[in-house]
Novice: 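What follows is a single structure, and I will ask about it in a moment.
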Amino acid sequence: MKTLFRLLGLTRPFAWWMLLAAVIGFATVGSGIGLLMASAWLVSRGAMLLPASALQSGISGVRLFGAARGVLRYAERLVSHNTTFRILTRLRLWFYESVEPLAPARLAAYRSADLLKRIVDDIQSLENIYSRVVAPPVTALMVTALVWALVSRWSVEAALGVLACQLTAGAALPVAAALLSRGTARRIAGLQAEQQLLAVDMVQGLGELKAFGMLDEHLRRMRSAEERKLTLEKRAALVEGVQDTLSGLFMNAAVVWLLWQMLPMARSGSVGTVALTALVFGVTASFEAFLPLTGAVQHIEADIRAGERLFEIIDTEPEVVAPPAPLPFPAKGGIEARELRFTYPGSLRPALDGVSFTIPEGGRVAIVGPSGAGKSTIASLLVRFWNPSGGSLTIGGSALSSFDPETLRRHIAVVSQRTYLFGQSIRENLLLANPGASDADLGRALSAAGLDSLLPRLDEWAGQSGMNLSGGERQRIAIARMILQDAPIVVLDEATANLDAVTEQAVLETIDRSCQGKSVLAITHRLHRMERFDTILVLHEGKIVEQGAHGELLALDGFYAGMWHLQHRAEM
Ligand code: ATP
């Protein structure tokens with residue numbers, strides 16, 4: 001219920017639009033009632049063989065209500081959809097704004113297909129809440145009042161019976177149907193999410209599924225989810241069908257009751273037969289207002305579930321928040337880590353356990369160590385994807401938390417092992433690093449990254465996730481982005497891991513050239529040309545076990561020397 005009220009609370013800025021939609025909705029159903037009543041009046045009077053002049057007001061009524069009904073229906077659709085889409089737009093923006101600060105730390109717990117479902121389907125399904133739940137009950141209430149006014153004028157007993165039928169069709173039946181199919185909508189939504197996850201795994205992991213002979217098993221799981229969903233959908237459809245039928249039955253019951261009460265009055269002459277006929281048709285037409293309520297209550301459960309899934313993300317506290325009065329990014333100064341500690345949420349072992357190092361301004365520092373030693377974690381802390389659990393990390397003497405995270409990230413260029421390219425043109429993928437870059441700047445950056453061949457292809461589509469480019473080309477685009485960003489600090493996280501030895505050599509030289517005067521932190525497995533670093537930090541199980549220049553570390557004949565000899569022996 002709390003979720004429903006929260007969702008309804010979002011409509012507050014659009015309350016007048018919703019009310020307008022409800023009023024036009026009422027006018028539409030009112031025109032329908034008027035049309036049928038005028039027609040009934042006209043047909044009844046026509047049957048009495050009255051002259052045409054006596055039928056004139058009926059003819060005008062049919063014309064007026066007939067035309068008004070079409071125009072009003074159109075206006076009602078226009079206003080209610082306009083309102084719904086405004087609300088959905090607001091919700092989408094709000095959701096994106098809430099999700100952005102959560103990336104990547106807080107979103108790591110969600111699978112991408114799950115997030116996609118929340119962003120696309122869950123928000124879309126809230127359309128129901130606004131188009132079916134808010135305005136139609138208000139319209140139905142107004143119509144109930146109108147019919148009460150029309151019928152009770154002649155007979156309160158007749159009006160009471162009609163009211164009872166309307167309440168049953170408009171409220172009791174939908175609620176009973178919702179209770180009967182309780183949990184169904186929620187389970188259907190859960191199965192839809194499961195299907196989406198399976199479909200994404202199927203598309204993205206098709207190669208692995210085939211290679212490990214698991215494709216049939218995966219397809220079996222997809223079929224099973226589909227069958228379970230179909231069973232639930234059939235049950236929901238059955239309840240909906242029975243409810244529709246019963247609604248129709250109560251509409252007819254209202255007419256029978258009306259006639260039962262008012263036929264004696266017609267016989268006694270206290271009500272005209274023409275008026276009674278018009279009333280019968282008016283009551284029938286009034287049930288149009290209760291039809292939209294049928295599905296409303298039934299879908300509320302699924303809509304609330306969608307709302308819950310959205311609020312779950314929206315209510316998550318971001319790992320990193322901007323300080324109220326951020327410091328300007330220091331023009332000078334190195335990076336310093338003191339007793340830096342970090343443990344990933346849910347992990348028992350610290351990824352970093354008391355790491356201290358200094359990168360002087362313009363200095364070049366490498367971090368080496370076995371897989372899982374905590375190297376990439378240092379890079380993640382530096383760009384503030386996470387906050388340290390203990391110790392300090394400063395730039396120019398100020399803690400990272402004193403800068404605006406966006407400003408900080410603009411001043412640190414990261415080239416990682418996995419470069420993500422958007423499904424846009426190569427130009428747009430480059431402009432991400434520097435939206436104001438000219439064609440000449442793009443050309444220079446591509447040339448420096450050894451990608452002259454891409455110059456004529458700038459406007460070509462990079463493909464889904466950059467699939468139209470080779471792994472090496474994607475990596476060099478990341479380097480071109482780094483050059484375009486022109487940040488004073490550069491983090492290279494296995495930046496040349498996907499390149500062959502010859503290209504790697506060329507790219508390393510390019511990086512060296514483009515990083516002149518910048519502070520560089522390079523994370524690497526491959527111990528190549530290590531002499532170019534001022535300091536090498538050797539990380540093992542979250543601790544720095546050795547540090548110094550390449551020659552010093554070799555002379556030490558410790559962990560680093562062991563790694564170096566092992567690699568170089570293996571390469572010989
Ligand atoms: P590699 O060279 O293989 O990339 P690394 O030295 O960069 O390894 P990190 O990625 O920093 O190592 O990981 C350090 C430790 O933290 C590892 O034990 C890893 O399993 C763990 N870890 C990394 N990312 C997460 C995460 N998001 N959640 C939980 N644990 C994580």
Side-chain angles (χ1 to χ4, degrees), residues 18-48 50-80 135-170 247-248 250-259 261-263 265-266 270-294:
M18 303 299 292
L19 188 66
L20 182 64
V23 170
I24 303 179
F26 165 66
T28 312
V29 181
S31 303
I33 295 174
L35 179 64
L36 273 195
M37 288 181 80
S39 309
W41 186 88
L42 193 61
V43 172
S44 313
R45 305 258 295 175
M48 293 173 187
L50 295 173
S53 59
L55 303 177
Q56 205 48 51
S57 48
I59 293 169
S60 307
V62 169
R63 275 195 194 137
L64 174 75
F65 289 124
R69 194 175 134 78
V71 174
L72 286 168
R73 169 67 68 215
Y74 178 74
E76 188 259 330
R77 294 279 106 174
L78 205 65
V79 173
S80 65
V138 182
T139 302
L141 267 179
M142 292 186 204
V143 170
T144 309
L146 174 71
V147 172
W148 175 267
L150 280 175
V151 182
S152 65
R153 194 170 154 252
W154 306 100
S155 157
V156 174
E157 287 79 11
L160 276 174
V162 171
L163 180 68
C165 290
Q166 285 174 332
L167 287 179
T168 311
S247 292
F250 276 95
M251 178 180 80
N252 293 332
V255 170
V256 170
W257 175 259
L258 187 77
L259 288 172
Q261 291 293 316
M262 292 184 64
L263 268 179
M265 293 166 70
S270 55
V271 58
T273 45
V274 175
L276 179 57
T277 317
L279 269 186
V280 166
F281 279 84
V283 166
T284 310
S286 76
F287 275 78
E288 186 191 347
F290 303 102
L291 293 181
L293 304 180
T294 312

Novice: Can you pull the side-chain hydrogen bond (donor to acceptor under 3.5 Å, both in side chains) pairs that have at least one residue in residues 144-154, sequence neighbours excluded?
Specialist: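 Sorted result for residues 144-154: empty, none.
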Novice: Under the side-chain contact (heavy atoms from CB on, under 4.5 Å) test, which residues partner F250, sequence neighbours left out?
Specialist: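 Scan of F250 (side-chain contact (heavy atoms from CB on, under 4.5 Å), adjacent residues dropped) gives C165, T168, A169, L173.
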Novice: What's the shortest heavy-atom distance between G61 and A38, and which atoms?
Specialist: C-CB, 4.0 Å
Novice: Drop me the distance from L72's CG to L78's CG, to the nearest 0.5 angstrom.
Specialist: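 Result: 12.0 Å between the selected atoms.
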Novice: Could you tell me which residues satisfy side chain to side chain donor-acceptor pair (under 3.5 Å) with S57, sequence neighbours excluded, listed by chain and number?
Specialist: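 With sequence neighbours excluded, S57 shows a side chain to side chain donor-acceptor pair (under 3.5 Å) to no residue whatsoever.
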Novice: With side chains defined as the heavy atoms from C-beta onward, is the minimum distance between M142 and V23 less than 4.5 Å?
Specialist: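 The answer is yes, as the side chains (C-beta and beyond) meet within the 4.5 Å cut-off.
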Novice: Determine which pairs satisfy salt bridge (charged side-chain N to carboxylate O under 4.0 Å, His left out) with at least one residue from residues 21-33, sequence neighbours left out, and list them in order.
Specialist: none
Novice: Starting at CD1 of I24, measure out to OH of Y74 and round the result to the nearest 0.5 Å.
Specialist: 12.0 Å
Novice: Quick check for you: to the nearest 0.5 Å, what is the distance between L20 atom CG and E76 atom CD?
Specialist: 10.0 Å
Novice: Partners of V255 by side-chain contact (heavy atoms from CB on, under 4.5 Å), sequence neighbours excluded?
Specialist: L259, V280, T284
Novice: What are the two closest non-hydrogen atoms of V283 and A254, and how far apart are they?
Specialist: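 Looking at all heavy atoms of both residues, the shortest contact is CG1-CB, 4.1 Å.
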Novice: Mind checking side chain to side chain donor-acceptor pair (under 3.5 Å) for T139 and listing every partner two or more places apart, or none if nothing turns up?
Specialist: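 Not a single residue meets the side chain to side chain donor-acceptor pair (under 3.5 Å) criterion with T139.
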Novice: On a heavy-atom basis, which atom in F65 and which in S31 lie closest, and how many Å separate them?
Specialist: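 Looking at all heavy atoms of both residues, the shortest contact is CB-O, 3.5 Å.
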Novice: Which residues pass the side-chain contact (heavy atoms from CB on, under 4.5 Å) test with I59, sequence neighbours left out?
Specialist: L42, L55, Q56, R63
Novice: Which atom names give the shortest non-hydrogen contact between L146 and G30, and what distance separates them?
Specialist: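 What the structure gives for the nearest pair is CD2-CA, 4.5 Å.
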Novice: Roughly how far apart are S155 OG and L160 CG, rounded to 0.5 Å?
Specialist: 8.5 Å
Novice: Measuring from atom OG1 of T273 to atom CE of M262, what distance do you get when rounded to the nearest 0.5 angstrom?
Specialist: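 That separation rounds to 11.0 Å.
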Novice: Quick one: side-chain contact (heavy atoms from CB on, under 4.5 Å) partners of E288, sequence neighbours excluded?
Specialist: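 Counting only residues at least two positions away or on another chain, E288 forms a side-chain contact (heavy atoms from CB on, under 4.5 Å) with V29, R69, R73.
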Novice: Please tell me if the side chains of L263 and L276 come closer than 4.5 Å, counting only heavy atoms from C-beta onward.
Specialist: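 Contact flag for L263/L276 side chains = yes.
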Novice: Please find the pair of heavy atoms, one from S286 and one from Q166, that lie closest to each other, and give the distance.
Specialist: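 Answer, listing the atom of S286 first, then Q166: OG-NE2, 3.3 Å.
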Novice: Within the distance-only criterion (no hydrogens, no angle test), does the side chain of W257 pair as donor or acceptor with the backbone N or O of E157 below 3.5 angstrom?
Specialist: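 Present.
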Novice: Considering all heavy atoms of both residues, which atom of S44 and which atom of V274 are nearest to each other, and what is their separation?
Specialist: CB-CG2, 3.9 Å
Novice: Is there side-chain contact between V143 and F26, with heavy atoms separated by less than 4.5 Å?
Specialist: yes
